[in-house]
Amino acid sequence: MITIYSDAHALHDGKAELHDGKLVSSFEMPRRAELVLARVKEVGLGPVSPPKIFGLDPVRRVHAPDYVAFLETAWDEWVAEHGEHDALPFTWIGPGMRRVVPDHIDGKLGYYSFDAGTPITAGTFRAIRSAADVALTGAELIVRGERAAFALTRPPGHHAHRACYGGYCFFNNAAVAAQALRDAGADRVAVLDIDYHHGNGTQDIFYSRGDVLFVSLHADPVQEYPYYLGFSDETGEGAGEGANANYPLPFGTGFHTWRAALDDALARIAAFRVDALVVSLGVDTYKGDPISRFRLDTADYPLIGAALAGAGLPTLFVMEGGYAVEAIGVNAVGVLQGFADVA
Ligand code: 6XA
Ligand code: ZN
């Protein structure tokens, strides 16, 4: 299986995030992707290739032009106002307030975001542009007939909405890739999100569309971030009715329960008859993850990969979360090895 990787991800290197009422070191760090890459090489998963440059047009297929333009200049606007430290929002639009884009960068940060855990740094825009290119390069491999590819994206993407960032995510790499697959001729595509957190951004981007099925297994939003989306009664709307499925699972979920939900999700994907599958691959379901509360073990990840291969679909893996850095490589690549062993 080919891995697409660029070290441009390291240009996004946040110092701190608001966590449990304190500013703490960012969980989402460059070392995550470096360790996944090291494991890809260690086990000989396959070749590692740099991304092609696609530019921002394919990004704007799922993100609003004003949002992309905001991200492009946000750091410079922040530095002009506050100096060269990470940009974090501190206020958001509450009920009864007006949705008008402010002139001031502090207002813009709140307007285009939904949390205080996602710093914008000097190199963020270059990193997220590169991550989108990594996902698009992986999608192109699938279009050209590869059975599978691994887009080693960082920062992650699945929390990013059409015009809103949060949850360490700016451009929704999986959504950009799914849209690129559609634009290259796939009639129907599925995005299966197995990260611990609900992929609220991906769901929202495709919610009223019948051509992209979104299915997500995640911690129940009554208990866990992102709290305000990811419930089981969210089934899509309009043309997208029936093309969205959520499997919220309680704190403490172990592999037996998780696997049963995966089998149900895969049956749903089979019934939808898609031409390609995008997997939002988060391994923050791991029992040792510092910000998560599922109980999956390292030995479970190859079994997940094997189950995914059983769907028999051209499959693009797009990296999302996972913060137990000493285990992230073994767990993420374990899924890919499990897939490759069966496919
Ligand atoms: C709040 C938690 C962010 C979750 C990021 C993640 N700071 N999403 O892993 O999949
Ligand atoms: Zn996550």
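If you read the sequence from its start, that first residue is 1, and numbering goes on from there. What you see below is based on every heavy atom in this structure, not just the backbone, and it leaves out hydrogens, waters and symmetry mates. Counting starts at 1 for both ligands and their atoms, in listed order.
Enumerated by chain and number, the residues approaching ligand 1 to less than 4.0 Å through a heavy atom are Glu17, His158, His159, Gly167, Tyr168, Asp195, His197, Tyr225, Asp284, Tyr323.
In this pair, Phe255 and Trp258 present their aromatic rings parallel. The plane angle is below 30°, not in the 30 to 60° band.
To the nearest 0.5 Å, atom CG of residue Asp211 and atom CD of residue Gln179 are 7.0 Å apart. Here Glu326 contributes atom CD and Tyr286 contributes atom OH; the two are 6.5 Å apart, rounded to the nearest 0.5 Å.
Seen from the Zn ion (ligand 2), atom ND1 on His197 and atom OD1 on Asp195 lie at an angle near 100° (rounded to 10 degrees).
Cation-pi contact between Arg162 and Tyr67: absent, since separation from the ring centre below 6.0 Å together with deviation from the ring axis within 45° is not met. The cationic group of Arg188 lies under 6.0 Å from the six-membered ring centre of Phe272 and within 45° of the ring axis, placing it in a cation-pi geometry.
Here the shortest heavy-atom pairing between Asp289 and Tyr323 reads OD2-N, 2.8 Å.
With 2.8 Å as the limit, Glu320 does not count as an N, O or S neighbour of the Zn ion (ligand 2).
For the pairing with Leu308, the side-chain contact (heavy atoms from CB on, under 4.5 Å) check across Leu313, Val335, Leu303, Leu281 returns one residue only, Val335.
Of all the N, O or S atoms in Asp284, the one closest to the Zn ion (ligand 2) is OD2.
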